[in-house]
Number of protein chains: 4
Amino acid sequence: MTAGAQPRLRADARRNRDRILVTAAAAFADDGPDVPMEEIARLAGVGVGTLYRRFPDREALLVAVVQDSMARALGRTRAAAAEATPGQAWDALVRSLSSPRELRLMMSLTSLASPTTAAAVHADPTTRRIRQEYAEVLDGLVRAAQAEGTLRPDVGAGDVAHLLSLVAYGLRRTPDATAEIAFERARAIVLDGLRARPRTPLPGRPLTTTDLEAE
Amino acid sequence: MTAGAQPRLRADARRNRDRILVTAAAAFADDGPDVPMEEIARLAGVGVGTLYRRFPDREALLVAVVQDSMARALGRTRAAAAEATPGQAWDALVRSLSSPRELRLMMSLTSLASPTTAAAVHADPTTRRIRQEYAEVLDGLVRAAQAEGTLRPDVGAGDVAHLLSLVAYGLRRTPDATAEIAFERARAIVLDGLRARPRTPLPGRPLTTTDLEAE
Amino acid sequence: MTAGAQPRLRADARRNRDRILVTAAAAFADDGPDVPMEEIARLAGVGVGTLYRRFPDREALLVAVVQDSMARALGRTRAAAAEATPGQAWDALVRSLSSPRELRLMMSLTSLASPTTAAAVHADPTTRRIRQEYAEVLDGLVRAAQAEGTLRPDVGAGDVAHLLSLVAYGLRRTPDATAEIAFERARAIVLDGLRARPRTPLPGRPLTTTDLEAE
Amino acid sequence: MTAGAQPRLRADARRNRDRILVTAAAAFADDGPDVPMEEIARLAGVGVGTLYRRFPDREALLVAVVQDSMARALGRTRAAAAEATPGQAWDALVRSLSSPRELRLMMSLTSLASPTTAAAVHADPTTRRIRQEYAEVLDGLVRAAQAEGTLRPDVGAGDVAHLLSLVAYGLRRTPDATAEIAFERARAIVLDGLRARPRTPLPGRPLTTTDLEAE
DNA sequence: AATGAATGAGCATTCATTCAT
DNA sequence: GATGAATGAATGCTCATTCAT
């Protein structure tokens, strides 16, 4: 699932690396890109030294987490595209956004970190490659959906990616019923904005501003 | 302009306070919620001591900046609502989102700062009051727009606020032509999703994923 | 005595700066260029923060100490040169080496620190200037001594500086009677090697290897 | 070549030990006594584990390197003494200083390392023994040279050793033509200071201070 | 025996905040 | 009131050393 090119690690080292990655993703998601490295290590149940042996500094760790996250999102989108029977591109598009926490993590890590770090993520070759492939898959879906007449013809894959990531970003950190609903409603409205013709009923009931107050 | 309750400051002190507030807003917007206090002071042309005399700690400063920002946004929305001739509620809604950098700052300061700080912003009474008034105004606009048949009837002010803030959030830190276009297109699409019936042509040309890569 | 160009410090800050400089010189001399910054701060009776406010990092501190030391040595040599009545250049040369601990510190800090740091010391403009002036004064003394026939004509100021610093380096860290004698004897022998003609009796008694064992 | 008392190692282990020793000597010479153990291991082409199996800690390694170096220097001096035909003690003395990098390494490792380490080197029995034998050989040469009238009678082996090591120390880390010349000139001057009577022409041309600036 | 992974203590440095001038 | 100096807690990172594979 990961995209690194490490020459092959000893089984236990591999296990540690993975544990660190998972823990770091959660920690970043919960506390932002500045969580103390020591806390990540503690949560992963390893010493700081181990953390630093695998990831030379915070930036490297962050890049790795983003890579992992992007790779997973790419996998999901690819799968959705592959399953799409002819005339079902729209559904594939919708499904490609179906587990948005990944997207949210990517976005927040990329855009909230220091400009330097953001640039590092951007410049990383593996990251570039994944983004590239992601763009291709999405582009295919967009054209197909436009061909089948479900997606409005005046948008591009960039618009779609932008909107989808914004919606994903709307997910609050704390998983919470209202947040979930707010997310689904926002998704539906945006999809409606993207759709070529019809209009679907929104789930749940209209949200009040108070609904959003719960953090 | 500000919403605090300071007893009344000497003219120069007042000037200092305002300068700090403006500088801090810019600094937070540019470098995130962790800019060193000393840098803010330097940029504002005062000593740290002065900064701390006005704002007992970073959190207080942040809260004040958010307050200021929200107050301004509320003012704008209120004005838009007031000007709205009957049958023009939709336009008022659109205009209420017309200077989105304010919104973006509010959002990022509120949601990106540490959970503790976010909670502090949330709990602050002035902040609560402004949010409350904001909700009322927005609610009025929403109902009016739905009455006049321009806004879909199954959404609430919460949905609208949520979506508008997401779109605002999409503005990248660096002001950049593509980012601007991306923002306007996203806004148009979302508004289309919100609109009761018609459909408007999007500005610019369809974005490719590559368009978004710049930054 | 110092060569910095600070715009003028508050009296207490100045006092602190000087205290840090003196303490650091002693600490470097005793424990080498790697003494913990915290220990230097502690010895100087200030917090680490204060140390870092004056000297942005270890390298800057080291450079400042070397500068200070070199400036002092230059002062001494200049004074010796100025007092030299005609025909007394040799004595001036000898006196310029009369408080060699300064020299020893300079040497060890310059040559024992990491190559990077050594380069930094070397590149520092103030350091360059002092070295330049030092070279000029020494050169004058060398020519004068050769003119008066006391210094062998086939050496240059570079040779003299090299030898004097080596001899100075021979001083052990711990001030100790034998080390003192060893230093004086070595100086006498080297001066004899440099002298045009005569030969002077060495002070003290012949040293055995055992004498040098005391560290 | 080494002076340790290891019970007898398997051939490959022996090879490893020697390789480590040689590599460590070079690394210490190049980067000072603080080179990371891991780097030494890497340079020697072994794992850290192996390094630690042979030398329980950094100090032990350092002591071993110094021992090796001293043993080699002793060997050379002994050979010089043995070859000395009657009336040639002076030349033997001179030749004993002929490969000074060894000396330089010994010196810097002994005197630049932390006081603790220096003490350890000092206290080590093998080291003591070698130093003892070295003192004896040197002492013989000194007396012989004084008997044949080439060495001034008022110096002892301690003086000679002190001066020779200082001169050796003058060699800069980077091998460099000017440094080489500076070393040779310094040696000649010191020897002149030690010589009973005559005076030899110095090699090369007089050095300027600028000559020494390189590095 | 060799390897290289894991550990954690140690040190450099930064920055929020307090306080003397 | 303003200033900027001093403080020290917090955190990133390195590296000697130990130990599982």
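To find a chain, count down the sequence lines: A is the first, B the second, and so on, and within it residues start at 1. Owing to the predicted nature of the structure, the values given are computational and were not obtained by experimental measurement.
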Legend entry - Heavy-atom protein contacts under 4.0 Å, nucleotides 12-21 of chain F, coded B base, S sugar-phosphate only, - none: SBB-SBB---
Inset, instruction - May I have the distance from A:Leu51 (atom CG) to E:dA5 (atom C1'), rounded to whole angstrom? - result: 14 Å
Inset, instruction - Take the protein atom CZ of B:Arg17 and the nucleotide atom C1' of F:dG1, then report the distance between them rounded to whole Å. - result: 16 Å
Legend entry - Whole-Å gap separating P (F:dG1) and CZ (B:Arg19): 16 Å
Legend entry - Separation of atom CZ in D:Phe55 from atom P in E:dA2, rounded to whole Å: 12 Å
Legend entry - Check: C:Gln67 and C:Asp124 side chains under 4.5 Å, non-hydrogen atoms: yes
Legend entry - Within-4.5 Å side-chain heavy-atom neighbours: C:Leu61 and C:Ile40: yes
Legend entry - Pair pattern of DNA chain E in dot-bracket, where unpaired bases get dots and | marks partners in another strand, Watson-Crick or G-U under 3.5 angstrom: .||||||||||||||||||||
Inset, instruction - Using the side chain to side chain contact (heavy atoms under 4.5 Å, CB included) rule, take A:Arg54 and A:Asn16 through it: C-alpha gap first, then chi angles, then the decisive distance, then the call. - result: CA-CA 9 Å; A:Arg54 280 320 145 212; A:Asn16 270 339; 5.9 Å; no
Legend entry - Result of checking A:Val35, A:Asp18, A:Leu43 against A:Thr23 for side-chain contact (heavy atoms from CB on, under 4.5 Å): A:Leu43
Legend entry - Contact under 4.0 Å: C:Thr50 side-chain N or O vs F:dA5 OP1/OP2: no
Inset, instruction - With sequence neighbours left out, write down each residue that passes side-chain hydrogen bond (donor to acceptor under 3.5 Å, both in side chains) with A:Arg53, or none if nothing qualifies. - result: none
Legend entry - Heavy-atom pair with the smallest gap, counting every atom of C:Leu21 and C:Ala64: CD1-CB, 3.9 Å
Legend entry - Crowding at CD, A:Glu38 (>12 non-hydrogen neighbours, <6.0 Å): no
Inset, instruction - Ignoring backbone atoms, establish whether C:Asn16 has a side-chain N or O less than 4.0 Å from OP1 or OP2 of F:dA5. - result: no
Legend entry - Phosphate OP1/OP2 of F:dG1 contacted by B:Arg54 side-chain N/O (<4.0 Å): no
Legend entry - Shortest non-hydrogen contact from B:His122 toward B:Arg128: O-NH1, 3.2 Å
Inset, instruction - Starting from the C-alpha separation in whole Å, work towards a yes-or-no answer on side chain to side chain contact (heavy atoms under 4.5 Å, CB included) for C:Leu62 and C:Phe55. - result: CA-CA 9 Å; C:Leu62 224 143; C:Phe55 306 97; over 6 Å; no
Legend entry - E:dT7 OP1/OP2 closer than 4.0 Å to side-chain N/O of A:Arg53: no
Inset, instruction - May I have the distance from D:Arg14 (atom CZ) to E:dA1 (atom P), rounded to whole angstrom? - result: 14 Å
Legend entry - Nearest-Å distance for atom pair CZ/P, residues C:Arg42 and F:dT7: 14 Å
